[in-house]
Amino acid sequence: MGYPLVAIVGRPNVGKSTIFNRVVGDRISIVEDTPGVTRDRIYARGEWLGHEFRLIDTGGIDIDDQPFMRQITEQAEVAIDEADVIVFMVSAQEGLTDADEHVAKILYRADKPVIVAVNKVDNFEMRSEIYDFYALGFGEVYPISGSHGIGLGDLLDEVVKNFPEAEEEVEDDSIRFSFIGRPNVGKSSLVNALLGEDRVIVSPIEGTTRDAVDTKFTTDEGDEFVMVDTAGIRKRGKVYESTEKYSVMRAMRAIDDSNVILMVINAEEGIREQDKHVAGYAHEAGRAIILVVNKWDAIEKDNKTMQEFEDHIRNEFKYLDYAPIVFVSAKTKQRLEKLPALIKQVNENHKKRITSSVLNEVILDAVATTPTPTVHGKRLRIYYGTQVAVQPPTFVVFVNDPELMHFSYQRFLENQIRKAFDFTGTPVHLIIRERK
Ligand code: GDP
Ligand code: GDP
C-alpha cells in the first residue's frame, strides 16, 4: 500500500498515452474483466523489477473548456501535487517547442525528481535529435520510442531509482477505509459527521512522502480506524479538482490505499457512469466495499422507497452483490452510528481465513447436492480446495481439467462458500487449477 506515484506530463501528441499503455498494458489485461466496468487509462498500477508503482497520464485529465496552455499548466500542477516522480515527455520528431519550455517552467517549481523522456527516437539516426533537450535543464535525458518499445528499460530504471525511501511498514491493526464518490454526494459531510462524534478521538497523521493526509480515530469500543485521504476530500479550490477525471483518479488512489471502500451514492441522483467506473475499479482491486446511500433525508419516501432504491443499485452494480447497502444522512446523522461496526465487520470478512478441512467439507457437500458438469462426456472432478490469500479471500480449487469448470458452476461454488462463511462486503476469488 502507498506505492509511489509516477506522473507523465507533456504537451499533447508527444506520446504520453502510448507510453502509459506500454508500461501498464500487460498488467491491465491480466486482471479479470468485469462486465459493466468502463475503463479509461489515466491511472493504473505498474511494476518494474519488482517495484510496484502507480502511473498517471496527466494528459488524460482534460480540464473543460480551458485554452491549450491552461490545460497543460493544470496538468503539470496535478503532477507536482500528486507525484513522487515526474516523467516529462517531449518528442524528438517535433523538437523542442514553446509548449515544452512552458511545461518546464512550471516543473522547476516542483521539489520532486523530474526525468526528461525524449520520445519518438525510433532509430539510431534520431538520437542526434535529443541534445537540444538538455537545454530544459533537468540533467540527463532519456531517448525512448513508444512505438518500438525502445529505451523504456533505462527510463524505468531511472524512475525507480528516484522513488522515495519506503516508509517503515508499521504493524498496525487499524482498519483503513475511505469515502469514494462523485463531487457533491456528501463525502466531506460524512467525514465531518463521523469525526465530529463525541465518541471518537481524532489524531491526524501527516503523510510523509506524499501529500495525502490520513486521519486516525478510535471509537469507544477501542477500535482504531484510519480514514484515508481525508485531505483529498476536504481540500478544495483548484480548477482541476472539480474535473471528473481528476476526481476519478483521486478516488482510485484512495482505493489503492484502503482495505474498505465506502462508495457514496447520492440518493437524490441515483447512480451515474462515473460511479460504475470507480466501483468497478474497487471491485477489481479486490477491496471490501460498502454502498452508502447518502442524503436519505432529502427524498420523499413511502414504505417501498428503500426496496426500490436497493433494487436499482443491485441492478446497476450486479458484480457488487456481496456489498451491504446502508441508507444514511450526513445532515440528520441517521444511521451514521452503524458505520464503524459495519466497516469493522467487512474488514474482518476481508481478511478471514478458512481452514482447509472446513472448506473441503463445504466443497464436498456442494458437489454431493449439485453434481459437477460434464463436457463431451468428460466430467469435472474437484479434488480439493485451499485458501491461499486474504484481502480478498482467495481460494485455489484443484480439478482434473480447468476447461470443464463452467462459469455457472464456479459461481455456484462461490455461493456455497458464501453461504457457509460470512463474506459480506468482500469479493471472493476462486482460482481453478489442474492437479499435477
Ligand atoms: P499524447 O497526446 O501525448 O498522449 O500522445 P499519444 O500517445 O496519443 O501519441 C501521439 C501520436 O504519436 C500518435 O499518433 C502515436 O502513434 C505517435 N507516437 C507515439 N509514440 C511514438 C514513437 O515512439 N514514435 C513515433 N514515430 N510515433 C509515436
Ligand atoms: P462532497 O463533494 O462529496 O464532499 O460533498 P459535500 O459533503 O461537500 O456535500 C455536498 C452538498 O450536499 C453540500 O451542500 C451538503 O450540505 C449537502 N449534503 C451532504 N450530505 C447531505 C445529507 O445527508 N442530506 C442533505 N440534504 N444534504 C447533504
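Reckoned from all heavy atoms, side chains included, excluding hydrogens, waters and symmetry mates. Whatever order the structure lists ligands and atoms in, that order sets their numbers, starting from 1. Residue numbers count from 1 along this sequence. Since the model is a prediction, treat every value here as computed from it, not as a measurement.
With respect to atom 16 (O) of ligand 1, the closest heavy atom belonging to the protein is Thr18 OG1, 4.6 Å. The protein atom (non-hydrogen) at minimum distance from atom 5 (O) of ligand 1 is Gly15 N, 3.0 Å.
Of the options Asn119, Val14, Ile19, the smallest heavy-atom separation from atom 20 (N) of ligand 1 is shown by Asn119. The option with the heavy atom closest to atom 28 (C) of ligand 2, from among Lys333, Lys187, Lys295, Gln334, is Lys295.
Counting protein heavy atoms under 4.0 angstrom from atom 3 (O) of ligand 1 gives one or more. Within a 4.0 Å radius of atom 12 (O) of ligand 1, the protein contributes one or more non-hydrogen atoms.
Note on ligand 2: Pro183 sits in its first shell, one or more heavy atoms being nearer than 4.0 Å. Contact between Gln93 and ligand 1 is present, with at least one heavy atom of the residue lying under 4.0 Å from the ligand. At a 4.0 Å cut-off, not a single heavy atom of Gly10 sits close enough to ligand 1 to count as contact. Contact between Arg182 and ligand 2 is present, with at least one heavy atom of the residue lying under 4.0 Å from the ligand.
Salt bridge Glu74/Arg70: present, at least one basic N to carboxylate O contact under 4.0 Å.
Shortest non-hydrogen contact noted between Phe225 and Thr219 is CE1-CG2, 3.8 Å.
Below 3.5 Å of separation, one finds no N or O of Val121 facing any N or O of ligand 1. Residue Asn13 has at least one nitrogen or oxygen atom sitting less than 3.5 Å from a nitrogen or oxygen atom of ligand 1, judged on distance alone. Note: an N/O pair closer than 3.5 Å links Gly146 and ligand 1 by distance alone. Taking any N or O of Lys120, backbone or side chain, at least one lies under 3.5 Å from an N or O belonging to ligand 1.
Of the heavy atoms in Thr332, none comes closer than 4.0 Å to ligand 2. Contacts between Asp122 and ligand 1, counted as non-hydrogen atom pairs separated by less than 4.0 Å, involve the side chain only.
With sequence neighbours left out, the side-chain contact (heavy atoms from CB on, under 4.5 Å) criterion links Asp302 to Lys304, Thr305. Applying the side chain to side chain donor-acceptor pair (under 3.5 Å) rule to Lys120 yields no partners; only residues at least two apart in sequence or on another chain are considered.
For the residue pair Asn347 and Lys344, no side-chain donor N or O sits within less than 3.5 Å of a side-chain acceptor on the partner.
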